[in-house]
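Below is one structure, written out as structure tokens; comments come after it.
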Amino acid sequence: MERILTQLLDWRMQFEDYKTLILTGSTAKDRMNVIRQFAAKNFESMVHVNVKNNAKIREYMNTNPAGRDAYRFLEKSVMEMIMPIDTAVVLENADSLEPEAFRDYAEHLFAPEDTCFLIMTGEFSDEELAPLEESCIHVVLPPKE
């Protein structure tokens with residue numbers, strides 16, 4: 001667990017890149033436990049959206065490109081402000097998005113000048129993750145023992 005938290009902290013400290021973190025492995029419950037623990041220590045707030053369970057947001061993301069409008073839509077949908085640097089935005093079960101939408105949001109939800117942190121969780125194939133190698137950081141939780 002400490003190794004994973006260290007990897008997440010390394011990601012958090014990369015102010016110059018603001019890459020999306022994609023967290024896979026173990027179980028959905030374990031992934032969210034790790035994220036909650038990490039966010040509590042390293043961010044002022046966490047905006048959490050379970051994409052699989054929120055049809056409105058999932059439909060929006062599947063049919064609208066990422067960017068400033070999507071950022072505002074997300075804020076309005078969850079009725080929370082996304083504060084640059086201080087907020088971790090977590091899209092749980094992002095694997096329920098269409099593959100094109102997943103890639104678009106992973107790469108472009110926030111512009112570099114937004115200085116915001118996006119975490120996407122789910123189970124993704126190597127083929128889905130390969131195009132994101134340069135723009136995202138992938139961390140794998142070990143299997144549950």
Side-chain angles (χ1 to χ4, degrees), residues 1-124 128-129 132-145:
M1 179 64 82
E2 283 303 314
R3 181 184 64 80
I4 296 296
L5 292 174
T6 299
Q7 286 180 291
L8 299 182
L9 186 58
D10 288 346
W11 165 75
R12 168 74 166 97
M13 301 311 289
Q14 292 181 12
F15 286 122
E16 68 279 357
D17 291 332
Y18 299 104
K19 294 179 179 180
T20 296
L21 171 71
I22 299 173
L23 186 63
T24 63
S26 195
T27 65
K29 182 178 178 180
D30 286 346
R31 290 189 294 263
M32 281 311 302
N33 285 340
V34 167
I35 290 169
R36 283 186 184 98
Q37 180 181 353
F38 174 72
K41 291 180 182 177
N42 294 283
F43 292 96
E44 295 284 326
S45 64
M46 180 177 83
V47 171
H48 171 242
V49 176
N50 187 326
V51 178
K52 183 177 181 179
N53 296 339
N54 191 318
K56 178 181 173 186
I57 290 177
R58 185 178 62 252
E59 180 65 25
Y60 181 91
M61 293 176 79
N62 280 333
T63 57
N64 292 276
R68 184 64 56 200
D69 289 342
Y71 181 124
R72 289 188 190 112
F73 175 83
L74 189 58
E75 281 186 322
K76 288 179 184 176
S77 295
V78 298
M79 294 184 284
E80 291 185 51
M81 292 290 297
I82 299 171
M83 302 301 296
I85 299 181
D86 294 331
T87 305
V89 177
V90 180
L91 299 179
E92 181 182 6
N93 294 314
D95 54 346
S96 64
L97 292 170
E98 296 293 329
E100 299 81 22
F102 163 66
R103 283 192 303 276
D104 183 36
Y105 277 78
E107 292 181 314
H108 306 294
L109 178 59
F110 298 119
E113 62 271 14
D114 290 330
T115 61
C116 292
F117 294 89
L118 176 62
I119 302 170
M120 300 177 94
T121 73
E123 291 300 323
F124 305 98
E128 290 173 305
L129 294 174
L132 299 172
E133 267 183 21
E134 304 243 344
S135 59
C136 299
I137 295 171
H138 179 213
V139 174
V140 181
L141 284 180
K144 196 167 190 164
E145 296 178 8

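Quantities reported herein were computed from a predicted structural model and do not represent experimental measurements.
- Inter-residue side-chain proximity for Glu128 and Asp95 is flagged as unmet; no heavy-atom pair is nearer than 4.5 Å.
- The list of ring pair (Phe, Tyr, Trp, His ring centres under 6.0 Å) pairs with a residue in residues 47-68, not counting sequence neighbours, reads Tyr60-Phe73.
- Interatomic distance, Glu92 CD to Asn50 CG, rounded to the nearest 0.5 Å: 4.0 Å.
- Summarising the local packing, CD of Glu133 is surrounded by 12 or fewer heavy atoms from other residues, nucleotides or ligands at distances under 6.0 Å.
- The structure places OG of Ser96 at 7.5 Å from CG of Asn62, a figure rounded to the nearest 0.5 Å.
- In this structure, the side chains of Glu44 and Met83 stay at 4.5 Å or more apart for every pair of heavy atoms.
- Thr20 is not listed as a side-chain neighbour of Leu132, based on a closest heavy-atom distance of 4.5 Å or more.
- Of all heavy-atom pairs spanning Pro84 and Cys116, the tightest one is CA-SG, 3.8 Å.
- Using a 4.5 Å cut-off on side-chain heavy atoms (C-beta onward), Met79 and Val47 make no contact.
- For the residue pair Val34 and Leu8, the shortest heavy atom distance occurs at CG1-CD1, 3.7 Å.
- Look at Arg68 and Asp114 and you find a salt bridge, because one of the NZ, NE, NH1 or NH2 atoms lies within 4.0 Å of a carboxylate O, short of that distance.
- Atom CD of residue Gln14 and atom CG of residue Leu9 lie 10.5 Å apart, to the nearest 0.5 angstrom.
- Heavy-atom neighbours of Glu100 CD from other residues, nucleotides or ligands within 6.0 Å: above the threshold of 12.
- Trp11 and Phe38 have tilted rings, their planes meeting at an angle from 30° to 60° on a 0 to 90° scale.
- Among all heavy-atom pairs drawn from Asn64 and Asp104, the shortest one is O-OD2, 4.5 Å.
- Within the 4.5 Å cutoff, side-chain heavy atoms of Leu129 are placed close to those of Phe102.
- Between Phe110 and Leu118 the shortest heavy-atom distance is CE1-CB, 3.9 Å.
- To the nearest 0.5 Å, atom CD of residue Glu134 and atom CD of residue Glu107 are 10.0 Å apart.
- Residue pairs satisfying the side chain to side chain donor-acceptor pair (under 3.5 Å) criterion with at least one member in residues 25-42, sequence neighbours excluded, are listed as follows: Ser26-Asp30, Thr27-Asp30, Arg31-Glu123.
- Proximity of Leu91 to Met61: side-chain heavy atoms (C-beta onward) are separated by under 4.5 Å at one or more points.
- Between Val78 and Ile57 there is a side-chain heavy-atom pair separated by less than 4.5 Å.
- Put simply, CG on Leu21 and CE on Met120 are 10.5 Å apart, with the number rounded to the nearest 0.5 Å.
- Between Val90 and Met32 there is a side-chain heavy-atom pair separated by less than 4.5 Å.
- Counting all heavy atoms, side chain and backbone alike, Asn53 lies closest to Arg58 at N-NH1, 4.3 Å.
- To the nearest 0.5 Å, the span separating OG1 on Thr121 from CG on Leu23 amounts to 7.0 Å.
- Residues Ile82 and Thr87 come closest through the heavy atom pair C-OG1, 3.9 Å.
- Pairs passing the side chain to side chain donor-acceptor pair (under 3.5 Å) check and including a residue from residues 70-82, sequence neighbours excluded, do not occur.
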